[in-house]
There are 2 protein chains.
Amino acid sequence: MRQEDAPLVRTLPLFAGASETTVEKLLQASFLQRFPAQVELISEDQPADFFYVVLEGCIELFANAGPKQSTAAIVRPVSSFAAAAVLRDGNYLLSARTLEPSRVLMIPGESVRAAFAGDAAFAKAFALELAAAYRRTMKALNNQKLRTAIERLANYLLQEHQTQGAAGNLTLPTEKQTLASLLGMTSENLSRSFGALAAHGVKVTGREIQLSDITSLETIAKPTPLIDDPMY
Amino acid sequence: MRQEDAPLVRTLPLFAGASETTVEKLLQASFLQRFPAQVELISEDQPADFFYVVLEGCIELFANAGPKQSTAAIVRPVSSFAAAAVLRDGNYLLSARTLEPSRVLMIPGESVRAAFAGDAAFAKAFALELAAAYRRTMKALNNQKLRTAIERLANYLLQEHQTQGAAGNLTLPTEKQTLASLLGMTSENLSRSFGALAAHGVKVTGREIQLSDITSLETIAKPTPLIDDPMY
DNA sequence: CGACGATTTGAATAGGATCAATGGGAGTGG
DNA sequence: CCACTCCCATTGATCCTATTCAAATCGTCG
């Protein structure tokens, strides 16, 4: 990777407590790559050669089964993916594509495992990241199994509203297609779910959403910190 | 914990490479408990005080949302749960109850984190366990989002058939209620799904299942190693 | 302007859930 | 040992949710 990027990368939470040598070794073997939108970075079922850290842009993780496709997560800076696959030296369970032009740090799995074994601070940071991702996935599973499509959408809107400053409006960060897949429904159904939420103060104009009755929306959504609080 | 249990516990894969001192410290602070069936060991949303290792019996992990309930996983010996919650020193995302009389090793979260920080071999084993659980959960999410109820049941049967020796028959390891919840459906719907699979050689007698046409069942199930292979 | 992909809308269908009632064992107590 | 009871499981009927297929509309980009 290029010299001028080193400072940025060193500030990553993942490298917070790691020793100088560890970071040095990791970065030396890594690639800091720029990708345009709609590039497939990894394909499910392939050997997990790299651990990925998203520095800029936006990556969609998704799975295929025959003709169907499901978005498992959307990764934004600064966050990572493929931790479990790399640590276990297994195969990717998900494919990944850029949704926007992105900058991505690619660290060889071999290097990650070596750093994990040799640097306790890095091991801790890496495992904490892994555990956080695990918990997000568990929440996604509960979300999917315990809620209807409208409830999932309502909770998504409330969460995004919170993230974006709770100003009574928000902007969808992805195409509605992608959002639908993330929320486990078809895009037609997402459209209808938005329609149903109009009665609860949700006004949709393209990707711009206005929430004029949060209370009513919360009544529908029945949010619970166990599923919806990103900090949990 | 009692002296006579120490040898058994020391053979756990989790402690495989760990130093004598690490294991010593962990076990000293731990409890090896026996529980009857239908005891709730942990309740979601509570501080994650203990990491659990199931030595005998069977534990159900589940989540509640209002009146609904969903089984996230069923843990059998020798395996563990609450790794992520304990490592992050957070709260449990799931409740846990014994389905059968069980023996469980309870290791204080504090001790786990100390051992993780102090013993690289233990850290590695623990993180590998965590990563494995993560991947199981991701597969469960894909299973839920990409498949119909009948497909999930068909794949479950094929997998269990494999696990139990591929002899053309298998025994359901839990009540059908629990299985239904694990597979993300109501028990009525499970019953009907079994009915639908009769046309594909699935004969149900209580908990005993006979599979007389694996090929036909696979046609329905469309299994894929990415979701169904436990080794992946 | 024209073309293409994304989104919306409509109609029909399928997949699951709910509600209600019935059948079937396993365990308990006489 | 048998009858009773309770809980689990099944079955039927109906309702609701969500998908599918088709067509129309909207936006964006060249």
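Not measured: the values here are computed from a predicted model. Chain letters run A, B, ... following the sequence lines, proteins first and then strands; every chain starts at 1.
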B:Gln210 versus B:Asn169, side-chain donor and acceptor atoms under 3.5 Å: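 No, because no side-chain N or O of B:Asn169 sits under 3.5 Å from a partner of the opposite role on B:Gln210.
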
In whole angstrom, what separates [X]'s [atom1] from [N]'s [atom2]?
X	N	atom1	atom2	result
A:Phe194	C:dT8	CZ	C1'	12 Å
B:Asn189	D:dC8	CG	P	19 Å
A:Gln177	C:dT8	CD	P	11 Å
B:Arg152	C:dG15	CZ	C1'	10 Å
B:Leu190	C:dA17	CG	P	11 Å
B:Glu175	C:dA26	CD	P	12 Å
B:Leu153	D:dA9	CG	P	14 Å
B:Lys145	C:dG16	NZ	P	16 Å

Distance below 4.0 Å between A:Thr186 side-chain N/O and D:dT19 OP1 or OP2: yes

Distance below 4.0 Å between B:Lys176 side-chain N/O and D:dT10 OP1 or OP2: yes

Sorted by number, the residues of residues 201-211 of chain A with heavy-atom contact under 4.0 Å to DNA chain D: none

For A:Val78, the option from A:Val54, A:Leu8, A:Thr11, A:Val53 that meets side chain to side chain contact (heavy atoms under 4.5 Å, CB included): A:Val53

Parallel, tilted or perpendicular: rings of B:Phe81 and B:Tyr52 (30°, 60°): parallel

Under a 3.5 Å distance rule, please check whether [X] uses its side chain to pair with a backbone N or O of [Y] as donor and acceptor.
X	Y	answer
B:Ser102	B:Val104	no
A:Thr171	A:Glu208	no
A:Ser187	A:Ala180	no

Residue whose closest nucleotide on DNA chain D lies nearer the 5' end, A:Ile150 versus A:Glu188: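 In this pair, the answer is A:Ile150.
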
Of the listed nucleotides C:dT8, C:dA6, D:dT11, the one nearest the side chain of A:Ser191: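 The nucleotide sitting nearest to the side chain is C:dT8.
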
Closest to side chain of B:Arg192, choosing from D:dT20, D:dA18, D:dT11: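 Closest nucleotide to the B:Arg192 side chain: D:dT11.
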
Given A:Lys139, A:Arg152, A:Lys222, A:Arg147, the one that forms salt bridge (charged side-chain N to carboxylate O under 4.0 Å, His left out) with A:Asp228: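 Filter result, single survivor: A:Arg147.
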
